[in-house]
Amino acid sequence: MEKALTLVYIIPQKFQKKRLNDIKLSMVKKKIPNASILGPDVTHIVSESDSYEQVLRFVEEADIPEEAEIVSTRWLVECLQQSKIVLVLEVHRLKKIKADNVISPKTTTDQNYEWACQRGARLEHFNKKFTVDLELLQTHAEFCNEMHSQSRALAFRRASCVLKTLLFPLTHIKQLDGVKYIGGHVRKVISDLLDLGSSPEVEEIKFSDWFRKMKLFTSIFGVGPATAKSWIEKGWKSIEDVRNAGHPSKDWRIVWGLAFHEDLTTPVSRQEADRFMDILQCEAQNILPGTIITLTGGFRRGKSNGHDIDILITHPTDGAELGILSKLLDVLDKKDIILSGQRMKNTFSTEALNEESRSMHGKFDHFEKWFGICKFPKAFQHPTTPSGCQSSKEDSTEVKDNKNSSTHSDPLGLPFMETQLTRNSNNLSVPLVSVKTDLKHRSNVKNKSYISNTCVYEGEGEPHVPSTKKFKHEDCSEKEVVEMARPQTDWLARRVDLIVTPYSQYYYALVGWTGSKHFNRDTRLYAQQVLNLRLTSHGLYDMKKQEALQATCEEDVFRHLNLTYRDPMDRNC
DNA sequence: AAGCAATGGAC
DNA sequence: GTCCAT
DNA sequence: GCTT
Ligand SMILES: Cc1cn([C@H]2C[C@H](O)[C@@H](COP(=O)(O)OP(=O)(O)OP(=O)(O)O)O2)c(=O)[nH]c1=O
Ligand SMILES: [Mg+2]
């Protein structure tokens, strides 16, 4: 009994495969004896479960040696870290749960659910004071380009999302005992907020020059933490500094983002989004009757403002949607709505495995997304305006979203006139040439406004046309773009995302583009870890069986995931 | 000790 | 690969 | 940073 001091048995259930493997390897390295079966010599039983009762689901009570300790993985990890058998403490033991022992953590969060996608978070909740500061720490971590800062950012976000689901305003730090994702750092911040009304750490960051400059520069479309840092190092302190410094970038997004920074950082109202939807709805019907367009993104989750407009386009007949994006963009272009943009392709869904699909790819090649900048008349901000989308058939396009009855045919007319421009939009069938900007000046009724329209770049050849490499981009110099941005008074530049999907993928796209971003990350992680499925905005894939699960409504998506359905309003995590 | 969502485009 | 975008 |  004195020689075999320790024999560890690990209950494999509930372990991630890789993690279990790593632990076993470490045990060999650190010479900690590991039993392959639960025999009478076992001294320590290690499990991922969190109670004695749960352990009994995996092993027979009779097989447990009299003197054996039943401990959490935490104990084993500490042994591995310290390269010795550490003394078993109370915190390590997996104990019996007495019903009366539990202070019902049930009521602390919206059920005990560990995944944000199971909980349901609303825009309005009781703990904004805390979530705002935690999300500031998240942003700060995202600015840091250190090795693990992105992960730290994620941790702050998770903590914030937990607080959003609390059913009461926090008053004591004790209320967070045993709550997931609330660790030492987060606890300290919340403690300070409770005790002092503010967190010294957060306040220091908030008012630091570096953080303010990073926020300012990264608010420019196309500028991320790396670029922002490099600009700070150059000593630039304001947007004007950057503009005056010459041509810092060849990236079209930064050129336009700089020029229209003020417009693009002015929040988009729901009102504007609806106006734009009206136009799109109408034009889409003209191009292809039966087309379904849906306002997604934050607006669909009930936000009253947004940083952009996300619109999903599909058609009940699979395949009918092909090519509609190019046509739609042509129409918008003719109406002088488009300032600039970029088309993107889709990955073909079965890409997972097939090398063949690569070769086939060219055949199915099409653009499915457009990220761009549009002109929105300021009249959009007002309740109604007459419209000018002709030939609107009275077809009500089905808009599934009942609550946000965005798109009733209330066509409006307005200052989009028939100025027509030679801008080239990338069209599949028409491989093109970059069109030099010809600046067209157009005087508008009210104020003279120079709208130089330009093609921002050009397009893309067919795969078999070997000639030009894809996108080149307009030679419109930064100065010209800035010129263009300056004295306009009757419209605002707005970021618009258009996404086209085949109907077979529509509801996955709807879930994905409705978000929130954190909801998506959480749901995808859940799908991966719990169900071994891969969730994207195109579908849900069983990688073992090599099959895609079909969905004919949003509820289907949740059902496949074994999640209770969440209204978009409840996905604000 | 290792993972943290998944994807595409421009350099 | 890095950076930026969704 | 937090979980497993
Ligand atoms: C940014 C981002 C968005 N998305 C999805 C979820 C988002 O709701 C959707 C649209 O993106 P966004 O328009 O960036 O997000 P949003 O509409 O929720 O917020 P905002 O009001 O600021 O516009 O795309 C991701 O899946 N991953 C991402 O990294
Ligand atoms: Mg949005």
Side-chain angles (χ1 to χ4, degrees), chain A residues 14-27 29-30 46-50 72-74 76-78 80-81 114 117 134 137-138 141-142 145 148-160 162 179-189 218 220-230 249-254 257 296-298 307-308 310 342-347 349 351-352 367-372 457 460 469-473 495-499 508-509 512-513 515-529 534-539 541:
Chain A
K14 298 194 77 174
F15 274 95
Q16 291 172 305
K17 235 186 323 199
K18 184 168 188 344
R19 175 170 153 81
L20 186 56
N21 228 351
D22 292 337
I23 286 177
K24 285 182 175 168
L25 283 176
S26 292
M27 288 176 72
K29 242 188 290 187
K30 311 263 177 172
V46 174
S47 173
E48 285 278 86
S49 304
D50 32 41
S72 64
T73 317
R74 175 177 164 184
L76 182 53
V77 170
E78 286 177 20
L80 293 171
Q81 282 168 349
E114 68 177 303
C117 54
L134 287 174
L137 291 176
Q138 177 201 353
E142 280 164 355
N145 266 348
H148 296 115
S149 55
Q150 297 311 306
S151 319
R152 291 172 65 247
L154 175 60
F156 286 126
R157 181 63 180 212
R158 284 171 169 165
S160 169
V162 165
V179 174
K180 239 162 214 162
Y181 298 127
I182 307 293
H185 195 142
V186 166
R187 192 171 286 267
K188 170 79 175 119
V189 171
T218 56
I220 300 165
F221 181 48
V223 176
T227 308
K229 260 186 220 157
S230 78
S249 171
K250 284 163 55 180
D251 187 327
W252 71 271
R253 292 172 305 182
I254 298 185
T296 62
H307 98 287
D308 68 355
D310 310 287
Q342 166 173 2
R343 294 170 192 225
M344 286 178 181
K345 287 178 220 164
N346 182 7
T347 63
S349 39
E351 120 225 60
F367 295 108
E368 75 149 10
K369 286 191 287 218
W370 183 79
F371 297 155
Y457 50 64
E460 129 82 77
K469 211 45 184 189
K470 327 281 126 119
F471 303 103
K472 202 167 61 176
H473 126 331
R495 280 277 298 106
V496 173
D497 299 336
L498 302 178
I499 305 95
Y508 288 103
W513 285 89
S516 67
K517 170 180 167 174
H518 183 70
F519 178 87
N520 287 348
R521 294 175 71 172
D522 190 72
T523 310
R524 290 166 190 193
L525 187 64
Y526 164 85
Q528 167 77 45
Q529 294 196 343
R534 174 165 301 230
L535 177 66
T536 74
S537 57
H538 300 105
Y541 305 98

Peer 1: Roughly how many Å is it from CZ in A/Phe371 to C1' in B/dG9, rounded to a whole number?
Peer 2: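 Distance, rounded to whole Å: 10 Å.
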
Peer 1: In whole angstrom, what separates A/Asp522's CG from D/dT3's P?
Peer 2: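 Checked: the CG to P distance equals 14 Å.
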
Peer 1: To the nearest Å, how far apart are A/Arg534 CZ and B/dT7 C1'?
Peer 2: 11 Å

Peer 1: Considering just the side-chain nitrogens and oxygens of A/Lys180, establish if one lies under 4.0 Å of OP1 or OP2 belonging to D/dT4.
Peer 2: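 For D/dT4, OP1/OP2 do have a side-chain N/O of A/Lys180 under 4.0 Å.
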
Peer 1: Just the rounded figure in Å: distance from C1' of D/dT3 to CD1 of A/Ile182.
Peer 2: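 Whole-Å distance recorded here is 13 Å.
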
Peer 1: Would you say A/Arg495 reaches C/dT6's phosphate, i.e. side-chain N/O to OP1/OP2 under 4.0 Å?
Peer 2: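 Looking at the OP1 and OP2 atoms of C/dT6, one of them is under 4.0 Å from a side-chain N or O of A/Arg495.
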
Peer 1: OP1 or OP2 of C/dT6 sitting under 4.0 Å from any side-chain N/O of A/Arg521?
Peer 2: no

Peer 1: Measure from CD on A/Gln150 to P on B/dA2 and round the result to the nearest Å.
Peer 2: 20 Å

Peer 1: Picking from C/dC3, D/dG1, C/dA5, which would you name as closest to the side chain of A/His185?
Peer 2: D/dG1

Peer 1: Starting at CH2 of A/Trp252 and ending at C1' of B/dC11, how long is that distance when rounded to a whole Å?
Peer 2: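 One finds 15 Å between C1' of B/dC11 and CH2 of A/Trp252, rounded.
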
Peer 1: Within less than 4.0 Å of OP1 or OP2 of D/dC2, is there a side-chain N or O belonging to A/His148?
Peer 2: no

Peer 1: Using only side-chain N and O atoms of A/Thr536, determine if any of them is under 4.0 Å from OP1 or OP2 of B/dA5.
Peer 2: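 No, no such contact exists.
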
Peer 1: Can you tell me which nucleotide in B/dA5, C/dT6, B/dG9 comes closest to the side chain of A/Leu154?
Peer 2: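 Closest of the options to the side chain of A/Leu154: B/dA5.
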
Peer 1: For B/dA6, take OP1 and OP2 only and decide whether either is under 4.0 Å from a side-chain N or O of A/Gln528.
Peer 2: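 For A/Gln528, the contact criterion (side-chain N or O under 4.0 Å from OP1 or OP2 of B/dA6) is met.
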
Peer 1: What integer distance in Å separates A/Asn145:CG from C/dG1:C1'?
Peer 2: 14 Å

Peer 1: What interatomic distance, in whole Å, is found between P of B/dA5 and the corresponding atom of D/dT3?
Peer 2: 15 Å

Peer 1: So how far is it from A/Arg157 CZ to A/Arg521 CZ, rounded to the nearest 0.5 Å?
Peer 2: 9.0 Å

Peer 1: Give, for atom NE2 of A/His518 and atom OG1 of A/Thr523, the distance between the pair rounded to the nearest 0.5 Å.
Peer 2: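 Rounded to the nearest 0.5 Å, the NE2-OG1 separation comes to 8.5 Å.
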
Peer 1: Nearest-Å distance, CE (A/Met344) to P (C/dT6)?
Peer 2: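 For the pair A/Met344 CE and C/dT6 P, the rounded distance is 9 Å.
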
